[in-house]
Amino acid sequence: MNNPHDNRNEVVLIDGGRIPFQRSRSGYNDLKAVNLSRMALEGLITKSGIHPSVIDLVVMGTVIQEVNTSNIAREAALAAGIPAEVPGYTVTMACISSNLSLTSAVEQIRSGKVGIAVAGGVETMSDVPIRFPRSFRKKLLAAQKARSIGDYLSFLFSLRPSDLFPDAPSITEYSTGETMGESCDKMAAKYGVGREEQDNYALRSHQKAAEATEKGWLDDQLFPVSFPPDFNLIRHDNTFRADSSLEKLAQLKPAFIKPYGTVTAGNSSALSDGASAVLVASRPKAEELGLKPKVAFRNWTYVARQPDDELLIGPALAVPRLLDEAGLTLDEIDVFEFHEAFAGQILTVLKALDSNKFAKEKLGREKKVGSIPLEKFNSWGGSLSLGHPFGATGTRLIATAANRLHHEDGRFALIAACAAGGHGHAMLLERVEES
Amino acid sequence: MSLLNIEKENNVAVVVLDDPEEKVNKLSEDLMEEVREFLEELRGDNSLRGAILISGKENNFIAGADLDMVRNCEDEEELKELAREGQEILSEIENFPKPIVACIHGSCMGGGTELALACRYRIISDHRDTKIALPEVKLGLLPGMGGTQRLPRLIGIQRALPYLLTGKNMYSRQARKLGFADEVVERNKLREAGIQAVRRYANKKVDRKDRRGIFEKLLENNSAGRLILFSQAHKQTARQTRGNYPAPPRIIESVRYGYRNGLRAGYINEAREFSRLAFTPESKALINLFFAMNEAKKMPDEVPTAESEPTRPAGGTGHAQKKSPAREVKSIGVLGAGLMGAGIAEVSAEKEYHVWLKDLELEQAHQGKEGVYETLQEKVKKKILTPFERDTLLSRIHPADSYEAFSQIDLVVEAVFEDLDLKRNIVAELEENVSKECIIASNTSSLPITQIAAEARHPERILGMHYFSPVQKMPLLEIIKTDQTAEWAVTTARKVGVQQGKSVIVVNDGPGFYTTRILAPYINEALLLLEEGAKIEQLDTAMKNFGFPVGPLALLDEVGIDVGAHVADVLSEKFEERGGKTSKAAKRLVEEGYKGRKNLKGFYSYFEGRKISKEVNEEIYQYFGGPDRKNFEEEEIQFRMIMMMVNESLHCLQEEILESPRDGDLGAILGLGFPPFLGGPFRYVDREGPEEVKDLLDEMVQDYGPRFTPAGLLDHYASKGELFYKE
C-alpha cells in the first residue's frame, strides 16, 4: 500500500458528481449514451471551473456498448470540448466499470504518466443495441456476396419469420445463463434473508434518498442538465419513491422465482440512465493548478469467484482483504458507501461480514469481520433508490463518499460493490484536511 | 522574387502560386507579369501539353486583387489601361492553344475568381474553406477583368447576378451545381485531377452541359427576355440601395452591354466602368473602410508601435498606446444570460474559449444556452456545422448560478441590467471570487467605467467591452479604458475581441464613451423633430434614404425605449451644459409603459414579436403634441440628424475620447450603421470640406439653436483647410 504520508505519490479527488439519474425511458429517453457521458464531463468542467486543456486523460466505464461509440470515453470527451490532444479509453467490468475506470486513472497518475485525469462511467437502458438473431445475421452477411438474381432470390427464400425476432441484451450471466435476480433470490434464501427484511431495507433506501434530496445533501454531486429540443432543466434524480410504504412493497409479486421468491421489482435497483465523472490528480498537480482536493485515494482491491449461486457476494470477500491491507478495522471507518444491486444482495453481504461461519468457511479467518452500523451506511440513499446505470454507479459511490466524509466530519470511507461474473470491489478513501 | 514556382510533371506544367512574403496570394501587377512570361515559355515548350494553376498556400487560392494597384493609380485612364492589360492576359489564357486548368482550394476572391473563369477547366476542393466570390461590389467596384462577362456566360445571367451584386460566397456544392466547378475533389487530389484534366483536354473541347432551367433559358436566350430581366434587376437593386451605391447598377449595365454589343466591346466597357467606379467617393470610402476594418482586426502584437504612428489627430491608424504583451485567456465568464450575454458566450465558444455563463437562476443560464443552440441549429440546417460540432461548441458554454468555478477564469464580461449600483456590487462580488489577474469588463452601453470601478480594489483590470446586439452579427467591439486601466488589460481584451471576430476600437472613458455618445444627440434630434410635428415614418424613411440600415425610431424600438431614456439621462447634462436642447419624451414614454419592441409597445405596433410593416403607432403622438402631423423637407431631417451625430464625433475627438478619426469612423459605421459609402463622420467632413461643414453648422445654430454649435476642433481644420485624413 502507498504510504499515506508521502504526498508526492498521493492521488487525490478534486471533485466529482453525476448528471441526475433518471428511470429508463423517462428524462433521457431521447438521448444516446454518448450524450449522457458528454453531459457528465461537461458538468464536471462546469462545476470545477478547470479549463479542459489541463486534463491529461479521460477514462470511462460502461457495460452495454453502443457499437458506434464503443470507445465512448473518446467520443464524449471530444463532444464535451476537451481538446482533441487528450486521449481517452473505455473499460468494462460489469457494474464496477467506473470503479475500474477510476482505479485505472489513479494508477496512471501514481506511475507518473499523467498528472490529472477524468474518470467516469455511463449507462443508458433507454437505448440498447437490439440485434437481429444470429441466424439472420449469418444470412445477411452471406448475402453481401450475392451477385446474380438467383443469389438474391435464394437469400429471400431462405428467410424465416423467426429471423426477425429481435435479440435484446439481457442481464444474465453468460456462463450460467442465470439472471442476476435469480442468483440474488437464491443467495438471499441461502443466507436466510427474508422478504420483509428486504422490503424494509428497500424502503429505508428510498427514504434516505428522499431525505438527502430534500435537504440538498446531493446538490454538490448533481450536475443539472438541459438539452434539445426543449432544454428543460433536470436537477434531481427521478428514481426514488418518496411515498413508498411497506404495504405497497409487500403487495409486489416476486419478479424472478415464482412463487416462493423474495426479490421483487420493489426491492431491486431499477433500470436507469445516467453518467458520472470525477476529477483526479496527483497532489502536486492539484497544488500547481490551485485545486482543492476533497479526499485521497488509499488502497483498493478487486476479487472474483465462481459465478454461481453466490454471484453477488463479492463485497464480503473484498472488504476484509482491503481492511487487512490497510491495517484498519470496521470501527475505524466513518462512511460506508456500498452498491445496492438488490436489497437481498446487500443484506446478504452485511450478514456474511457479520458471520463467524462465513469468516471460517469463505475467508479462512477465525473471526467475523464485524457488523457495519447502519447509521454510517448508505445514508444518502443507494442504488435501490437513486438508480443504477451500470457503468455510472462506481464513480457515484466515490463522489458520495467524498462528500459524506466532509459532511459527516469523518476520516475514512469504505466503498464496495458487486458485479456480474462473480466480481467484487472495495476501496478506501481518506479525507484531505483543508489547509 | 518569384511568385510562381513552376514544376513539370507528366508533361504538364504545375504552376504553384505562392507569394513568399504574404500569407495570402494576391493578384498583382507582378503576378500578372510572371504569368505572361510563363505563357511564353509554355507556348514554346513542345514537351508541355498544358498547365495547371494551383496555390501553395494553406487556405487560399488568390484572395483578391491587390488594392494598392487601384489606390496607386493617378487617374481613370491609367486604371482603365491597367484593367485592359489584365483582361488581355486573361483572354490569352482563355484562348491559349494548350489547356490551362485552375485547381482551387481555399478562398478564391475577386481577381482570383476572374482568373479561374478564364481557365479552360476548373477543379475545386470539397473543403468547407473553399469559397468562390466576386466581392468587388462591397468595395464599390465591379469585377474589372472579365468577371461581369464570363460568369453570366458560364452559369447564366440570373444565376450570376446575385453573386455579382452582393459579392456572396459560392461554396463547393453550389459551385458544382451552378457549373462554375467542372469537378469537385478532395483537396489533396487537386493536383492529380488537374494533371489528368490537362491530358484529357489537350486535344479535346470541354463539353459542358447547360445547367439552366428551361424558363431561365427562354428568358436569357433572346434580347427581349434579357430586357425584362435587366430592368427587373435594376428595379430591385434601386429598392435595396436607395440610389446610394453606384456600383450595383453599373454591374447590371456592364453585363447588359456585353450581351448587346458582344464580348469584345463588353470587356472594353467593363474596364471603363471599373475605372470610373474606382474614382467615385463611394468606392474610396468603402475601400478605406475595408482597410480600416482589417487594421482593427489585427492581433495586438501585429499592431504597429506608437513610434511608427502619426500622432493624433492626423488620422491613420490610432493605437498610440505603448504595447504590453497580452495575457493568455482561455476561460471567460459572462454574467447575465440574456440576449447579449448569450451572444457573447456564443462568439467566444466559437473560438474555443470555454465560457461560464452565469445568471441569478440556473434556469435562465440554461435558457441562454438554449438560445445559442437555436442559432447553431440554423447553421446545422445549412450544413455549415455538423451536429457533433454543434454539441462540442455548445459544451464549451457552462451554465452557472454561482461563482463556484470563477477562480479559474481569466476574463469576465458582465452583461447585467444597466444600473450603477448593481454593476458596482458585481465588481465587488467578482473581486471576492476571481483571481487578481482576471480582467473585469463591463458591457455597459453608457455608464462611465470610472464610476463602475470607483470602489474596486484593483481598478487596473477593469475596463469596458461594449458589444452590439445581436453580438453574432454586429462586427464592432468598443473597448473603454479609464485612466487607471492597465495596458496589459486593454491589450488582452483587444486580443479576445479580435479572436471573437470583431473589429476593435479602443476609446477613453466618458459618459456614453464614443458610440452611445454620438447616438444620443442623433436620437434626441429625432425626438425633437417629432415634438415639432414630424411623422414617424417620414423620419425613418429619410434616414434610410440617407443610407442608414434602420431609421432612428425603429432603432430606438429595437434597442428599447427604456435603454434610450437611460442613455438620455446619463448624457443630457453634458449636452445641456453646452446649451443643447434635450427631449424628455423617452423618459415620459417609459413611465407610460412604452418600452419598444421588447414589450410590443413603441413607435411601431408589433404583433407577436414581428414588426408589422408601416404600422406606425399613432397613439404615441399624444406625447409629441397631438395627432396633427406635418411634412418636413427630407433634407432638413437628414441634415439635422446627421450633423448632430457628426458634430458629436468631433467633440469626442476633441475631448480625446477618441484616439483617432479612424476609430471614430469605424465605430459609427460598424456600431451604429452610419452609411458606409460616406466613410464615417470624419471622412464625411473631409469629403464635404471642414469649412463647408462649419458654415453649415453655424447656419443651423441660427435656424435650430445652439446645440449645433460646431466643435472647437473644427475651427482649426476649417481655418487651415486641413483634413482629418492626410492621404
Side-chain angles (χ1 to χ4, degrees), chain A residues 14-15 17 19-20 31-32 34-55 68-69 74-86 116 219-220 222-236 277 279 286 288-292, chain B residues 328-333 337 342 348-359 361-374 376-377 380 386-412 433-438:
Chain A
I14 307 298
D15 211 337
I19 62 174
L31 300 183
K32 294 190 264 191
V34 68
N35 301 128
L36 302 185
S37 324
R38 186 201 77 220
M39 294 193 303
L41 297 178
E42 237 182 275
L44 184 64
I45 294 165
T46 301
K47 179 160 192 291
S48 64
I50 56 152
H51 191 275
S53 61
V54 305
I55 297 169
N68 294 323
T69 53
R74 177 59 175 166
E75 312 309 339
L78 284 174
I82 294 174
E85 290 71 25
V86 181
I116 179 165
D219 289 353
D220 202 29
L222 286 170
F223 305 150
V225 293
S226 71
F227 44 85
D230 45 21
F231 280 84
N232 290 333
L233 195 57
I234 296 181
R235 307 180 83 129
H236 298 292
L279 185 65
E288 179 197 319
L289 295 171
L291 299 168
K292 225 166 61 184
Chain B
E328 189 180 28
V329 173
K330 296 204 298 194
S331 301
I332 293 177
S348 308
E350 240 165 27
K351 289 300 173 309
E352 313 218 340
Y353 291 110
H354 274 256
V355 184
W356 274 259
L357 181 60
K358 179 185 173 300
D359 212 314
E361 298 294 330
L362 199 57
E363 281 80 1
Q364 294 164 345
H366 277 262
Q367 267 165 29
K369 190 166 173 173
E370 179 178 8
V372 177
Y373 171 83
E374 303 293 347
L376 294 182
Q377 192 53 24
V380 170
T386 67
F388 191 84
E389 287 166 331
R390 174 201 64 204
D391 289 351
T392 304
L393 202 157
L394 217 53
S395 288
R396 291 197 282 265
I397 298 175
H398 306 276
D401 60 355
S402 78
Y403 290 110
E404 190 179 351
F406 273 57
S407 63
Q408 306 275 323
I409 278 172
D410 309 305
L411 182 150
V412 179
N433 287 288
V434 298
S435 74
K436 264 198 305 216
E437 289 78 31
C438 176

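Quick note on labels: first sequence line is chain A, next is B, and so on, each numbered from 1. The shown structure was predicted, so the numbers you read here are calculated from the model rather than taken from an experiment.
With respect to the salt-bridge test (charged N to carboxylate O, under 4.0 angstrom), the residues A/Lys292 and A/Asp15 do not qualify.
Heavy atoms closer than 4.5 Å to chain B are found in the side chain of A/Leu233, but not in its backbone. Looking at A/Ser226, the atoms closer than 4.5 Å to chain B (heavy atoms on both sides) sit in the backbone and in the side chain alike. When heavy atoms are compared at a cutoff of 4.5 Å, A/Pro229 approaches chain B solely by way of its backbone atoms N, CA, C and O. Heavy-atom distances place the backbone of A/Val225, and not its side chain, under 4.5 Å from chain B.
Side-chain contact annotation: B/Lys358 with B/Ser402, donor-acceptor N/O pair under 3.5 Å absent.
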Practice problem: Output, in order, the C-alpha distance, side-chain angles, deciding distance and verdict of salt bridge (Lys or Arg N to Asp or Glu O under 4.0 Å) for B/Lys369 and A/Glu42. | Solution: CA-CA 13 Å; B/Lys369 190 166 173 173; A/Glu42 237 182 275; 2.6 Å; yes
Quiz item: Checking side chain to side chain donor-acceptor pair (under 3.5 Å) for the pair B/Lys330/A/Ser53: CA distance, chi angles, key distance, verdict?
Solution: CA-CA 9 Å; B/Lys330 296 204 298 194; A/Ser53 61; 2.9 Å; yes
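For the pair A/Leu222/A/His236, a side-chain contact is recorded, criterion being any heavy-atom separation below 4.5 Å from C-beta on. Within the 4.5 Å cutoff, the side chain of A/Ile45 has heavy atoms near those of the A/Ile82 side chain.
Most heavy-atom pairs under 4.5 Å with chain B, from the set A/Asn35, A/Asp230, A/Asn232: that is A/Asp230. In terms of heavy-atom pairs under 4.5 angstrom with chain A, the leader among B/Ala349, B/Ser331, B/Ala400 is B/Ser331. With chain A as partner, the option from B/Ala405, B/Pro399, B/Ser395 having the largest number of non-hydrogen pairs under 4.5 angstrom is B/Ser395.
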